[in-house]
Every structure is written in C-alpha cells, then in structure tokens.
Amino acid sequence: MSAILSEKTKSIVKATVPALAAHGTDITAAMYARLFQNDEVKSLFNQSNQGENGRQTKALAHAILAYAQNIDNPGVLAGAVERIAQKHVGLHIQAHHYPHVATALLAAIKEVLGDAATDEILNAWGEAFWVLAGILIGREEQVYKELRSAEGGWNGWRRFRVAEKRKESDIITSFVLEPDDGGSVVLHRPGQYLTFKVAVPGSNEHRRNYSISSAPNGKTYRISVKREPLGLISNHLHDAVCEGDVLDVAPPTGDFFLKEGTQRPVILLSGGVGLTPMISMLEAIASTKDAATVHYVHGTLDGKVHAMGEHVRKLASRKSGLNSAIFYQAPHETDQKGIHYDHEGYVTVDWLAENTPLTEADVYLCGPKPFLAAFVKGLATAGVSSDRLHYEFFGPADDLAA
C-alpha cells in the first residue's frame, strides 16, 4: 500500500469531483446497502443515523467529496480524520473491517456511475481509499495503545455496573457507572464520550455514544441521557436499566474536550441535552485552582426539562470567576426568575458579545444541529476565530453549513 498518491491518481480522483457532487449520496447509500449484508459490520453502526433522513449517508458523501476536493492537500482534513479515528476506536473498529468498506465503496461507485466508472477510475479510487485508510488505521492503533497502557485503561468492551440512577429532569436521567471488576478507570478528557453496546430484548445489538457528564475521577463515569420520543436505546435506558444492572462500555474517546493550559477565558455554551459535556468541563474547572474566568451559558425550554440547574448554581457559588446564565425559552408558571433561570428567550450572539469576553475567550459549543448551525456561523461573524471555536454535534459529522 503506497503512502503517497501518484500525480496520475490524484488527477483522476479530482476529475471525479463533479460526479461525486451529483451522485455522492446515491453512491454512499449503495455502499451501505452492500456493507450491511455483513452482520458483523452492520452491528458497528448506529442504525438510527441510517434512517433519520439519511444522515449518515449524507455525511459520508460530504466526507468523500471533501477528500476528492482536497486530494492535493489532505492536511486540511486532519480534524475530520481525528474525529473519525476517535469514533472508530469507540466503536471498536479494527483494521480487518476496512477491506469490507473498500469492496463496498468501489462496487457502489460502479453501480451508480455505470460505464463512466472505468477501470482506471476504480483503480484510482481504490488507491486513494487505501492511503486514507492507512492514515486512519495508524492513528486508531495509536489511540488503542494509549488507552490500553493508561492507568485504568482498556480496549474493547468492559462491564460497568450502574451504581446510581438519578432523574435530572422530566426528560434527562443520569447513570453513574463503576467497573464491575472493581478496578480503576482511565481519566477522560472533559468533553469526551463513552460508547455503549446495548442488547434490547426483541431487537438487535446496538451501539450508542453518550457524553460523560462528570469530571474525571479515576473511579466512575456519569452519563446523562435524554429520552428521545422514538429513541430505542434512550427509552430502554430510562425504562429498563436499573441500579445494579451491567452495561458493556468502550473507553472514553472523542476529539472535543477542554484544552489544557490555556490562559484565555472560557465560555461553555449549550442547548438542551448539549449541557452534558459542559457539565464535565465545568466540574473539572471548578475542582482546580485555575483562576481563569468561565462563563457557563445554557438555553432550554423550561424548568421541567432543565437538568442539573441546582448543581451548576452550587458550582458557581463555590468557584470565584465562574459565572452562569440560564435561558428559558418559555418558562413554566412554577419557574422562578433569579432562582431557576436568569433570562427569558433565546441565547444570542449579541447577548454573548455584551455579557462575556467573547473576543478573547475559547468558546465550547454543544447542542442540536440548528443550535450549532446558528452559533458556528454567528460566532465566526462576531470575530471568534476558528482556533478558539470548539464544538461537538450529535450523530454523524453533519455539514453544519448545509
């Protein structure tokens, strides 16, 4: 496998950009249809992302197109490569899975493009795929090694017992997890997630990612899960998983986490259940002697769905320089301003500019796609540079500009 693409191969791949732009989602849909004929490979994927308006299909099509467009300068895709590698490690994807993807992708290109997909084009894309796969496999092996060798670390699936199950709001429940083997756990980076392998009676095995909502402590993890109306796994966790039950958990991964050693102010901005990684960051900051100014800004519907509000207020009262601002879109009659929330309506970029050190801070974002799409664009327009704007989104790597 060549580590460097030939100029001829790059030229051929670049020439396919118009076809990928026009037929990318058809190609990725055909690819997944082939991949999922293999039960082992199918089990690696979150099937809800396949059916939810084809999110995963669209996301992969965007990724393939971006690779082709940047084939001369793949370094610009380093962030995307790291995000994919981290997710693959969480899902326990191994090098032996990649040939299945290569076969399915090339067959899908041929199926969709027909005679236009010449042997020369298929050979070029085969070469391009394996160069990218080699980069991913190498990075994934490095992450596996780091997790395996860390104190409390492991690879693959480890059994965790639910030590505590706590209702945080009408729609969010927390689960505190401790290793069933009694050992320690690897210290996560605040903002990272855990991957779960869940068997639901009457259904197949499923894999899901949930952000860790506690600071690293070497003993336990906490996740805080929103009940989704049609969420098979979230409803199973809320309704069927009890204290004392055991879950299969992969080690913490993810490229969204609180950066260490920064001297800049920090803004933690979230919407809805997007608060979960922010709580992890907030707890971590509150436990240090760091005097950096921190602004925790959260928006949600009302007090019935707002999770961990009292916990945040206690952290803010104990830590100098830690400020919180809670926005309720439509406060319930029992919600008290100044006690349960601070502002009625929506968080805006203008409010942030007026009430936080926006032009100086590192800004961390997490929330639903519309929330992120608005703020990623709005904060950039307001002068927040890309190196200070860090965000996590739910599901596959959506194009937030779409």
Side-chain angles (χ1 to χ4, degrees), residues 166 168-169 171-176 188-194 209-217 221-226 252-260 262 264-288 290 292-301 303 305-319 321-329 340-343 346-349 351-352 355-358 361-372 374-376 379 384 388-394:
R166 181 171 62 249
E168 305 285 7
S169 75
I171 60 172
I172 296 176
T173 294
S174 286
F175 301 81
V176 177
H188 66 282
R189 293 172 171 175
Q192 290 188 308
Y193 55 81
L194 297 173
N209 303 323
Y210 292 107
S211 295
I212 302 168
S213 62
S214 56
N217 59 41
Y221 300 116
R222 181 180 65 213
I223 60 170
S224 301
V225 180
K226 176 187 175 185
T253 51
D255 68 327
F256 174 72
F257 50 82
L258 186 67
K259 309 304 177 186
E260 296 181 358
T262 180
R264 293 191 288 250
V266 172
I267 298 173
L268 306 176
L269 176 59
S270 57
V273 76
L275 60 78
T276 52
M278 304 306 180
I279 297 295
S280 178
M281 295 181 188
L282 196 66
E283 286 188 0
I285 293 169
S287 67
T288 69
D290 190 351
T293 300
V294 180
H295 291 263
Y296 172 91
V297 184
H298 178 66
T300 191
L301 179 62
V305 300
H306 182 203
M308 300 180 168
E310 183 178 355
H311 180 50
V312 169
R313 288 190 293 274
K314 287 181 178 178
L315 290 174
S317 68
R318 297 171 185 168
K319 177 73 172 178
L322 197 162
N323 310 279
S324 70
I326 308 301
F327 286 72
Y328 282 4
Q329 298 165 21
H340 301 110
Y341 70 101
D342 304 297
H343 307 278
Y346 294 85
V347 185
T348 66
V349 173
W351 185 92
L352 291 168
N355 295 275
T356 71
L358 188 60
D362 277 301
V363 184
Y364 295 84
L365 294 170
C366 188
K369 183 178 177 180
F371 176 91
L372 286 173
F375 279 105
V376 168
L379 291 172
V384 179
R388 293 191 291 109
L389 186 56
H390 320 280
Y391 51 90
E392 175 75 299
F393 36 72
F394 305 130

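Just so it is clear, the model here is predicted, and its values are computed rather than measured.
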Item checked: Within-4.5 Å side-chain heavy-atom neighbours: L365 and L379 -> yes

Note to self: Quick check for you: to the nearest 0.5 Å, what is the distance between S211 atom OG and E392 atom CD?
What the structure shows: 5.5 Å

Notebook entry, point to check: Do S174 and R166 have a side chain donor and acceptor closer than 3.5 Å?
Noted result: no

Notebook entry, point to check: Relative to the ring of Y328, is the ring of H306 parallel (under 30°), tilted (30 to 60°) or perpendicular (over 60°)?
Noted result: perpendicular

Check: Who are the side-chain contact (heavy atoms from CB on, under 4.5 Å) partners of D362, not counting sequence neighbours?
Finding: T262, R264, Y364, R388, H390

Check: What pairs of residues pass the salt bridge (charged side-chain N to carboxylate O under 4.0 Å, His left out) test when at least one of them lies in residues 268-281, not counting sequence neighbours?
Finding: none

Margin query: For E283, is there an ion pair with R222 - N to carboxylate O distance below 4.0 angstrom?
Written below: yes

Item checked: Nearest-0.5 Å distance, CE of residue M278 to CG of residue L258 -> 10.0 Å

Next item on the list: Quick one: closest heavy-atom pair of L372 and G367, and the distance?
Entry: CD1-O, 3.4 Å

Item checked: Sequence-distant partners of T348, side-chain contact (heavy atoms from CB on, under 4.5 Å), two or more places apart -> D350, W351

Notebook entry, point to check: Any side-chain heavy-atom pair from L358 and V363 closer than 4.5 angstrom?
Noted result: yes

Checklist line | Point-to-point distance, once rounded to the nearest 0.5 Å, from CG of L315 to CD1 of I285 | finding: 10.5 Å

Margin query: So which atom in G272 and which in H298 form the shortest heavy-atom distance, rounded to 0.1 Å?
Written below: O-CE1, 2.9 Å

Check: Where is the tightest heavy-atom contact between C366 and F371, given as atom of each residue plus distance?
Finding: O-CE2, 3.8 Å

Checklist line | Residues which pass side chain to side chain donor-acceptor pair (under 3.5 Å) with D342, listed by chain and number, not counting sequence neighbours | finding: none

Checklist line | Heavy-atom pair with the smallest gap, counting every atom of Y210 and V225 | finding: CE2-CG1, 3.7 Å

Next item on the list: First locate atom OH of Y296, then atom CD1 of I279, and finally report the distance between them rounded to the nearest 0.5 Å.
Entry: 4.0 Å

Check: Excluding sequence neighbours, so at least two apart, what forms side chain to side chain donor-acceptor pair (under 3.5 Å) with T173?
Finding: H238

Check: Would you say Y193 and T276 make side-chain contact, with heavy atoms under 4.5 Å?
Finding: no

Item checked: Minimum heavy-atom distance between P368 and G271, given as atom pair plus value -> CD-O, 3.6 Å

Checklist line | Spacing of OG1 belonging to T300 relative to CD1 belonging to I172, to within rounding of 0.5 Å | finding: 7.0 Å

Check: Is a side-chain N or O of Q192 found less than 3.5 angstrom from the main chain of G254, in a donor-acceptor match?
Finding: yes

Notebook entry, point to check: Under 6.0 Å from the CD atom of Q329, do we count more than 12 heavy atoms belonging to anything else shown?
Noted result: yes

Note to self: I need the N323 CG to N355 CG distance, nearest 0.5 Å.
What the structure shows: 10.5 Å

Notebook entry, point to check: Centre of F257's six-membered ring, under 6.0 Å away, within 45 degrees of the axis: is that where NZ or CZ of K259 sits?
Noted result: yes

Notebook entry, point to check: Within a strict 4.5 Å, meaning less than it, do heavy atoms of the I223 and Y221 side chains meet?
Noted result: no

Note to self: Please give me the minimum heavy-atom distance between S324 and V312, naming the atom from each residue.
What the structure shows: CB-CG1, 3.9 Å

Margin query: Under the rule for side chain to side chain donor-acceptor pair (under 3.5 Å), what residues qualify as partners of S280, not counting sequence neighbours?
Written below: H188

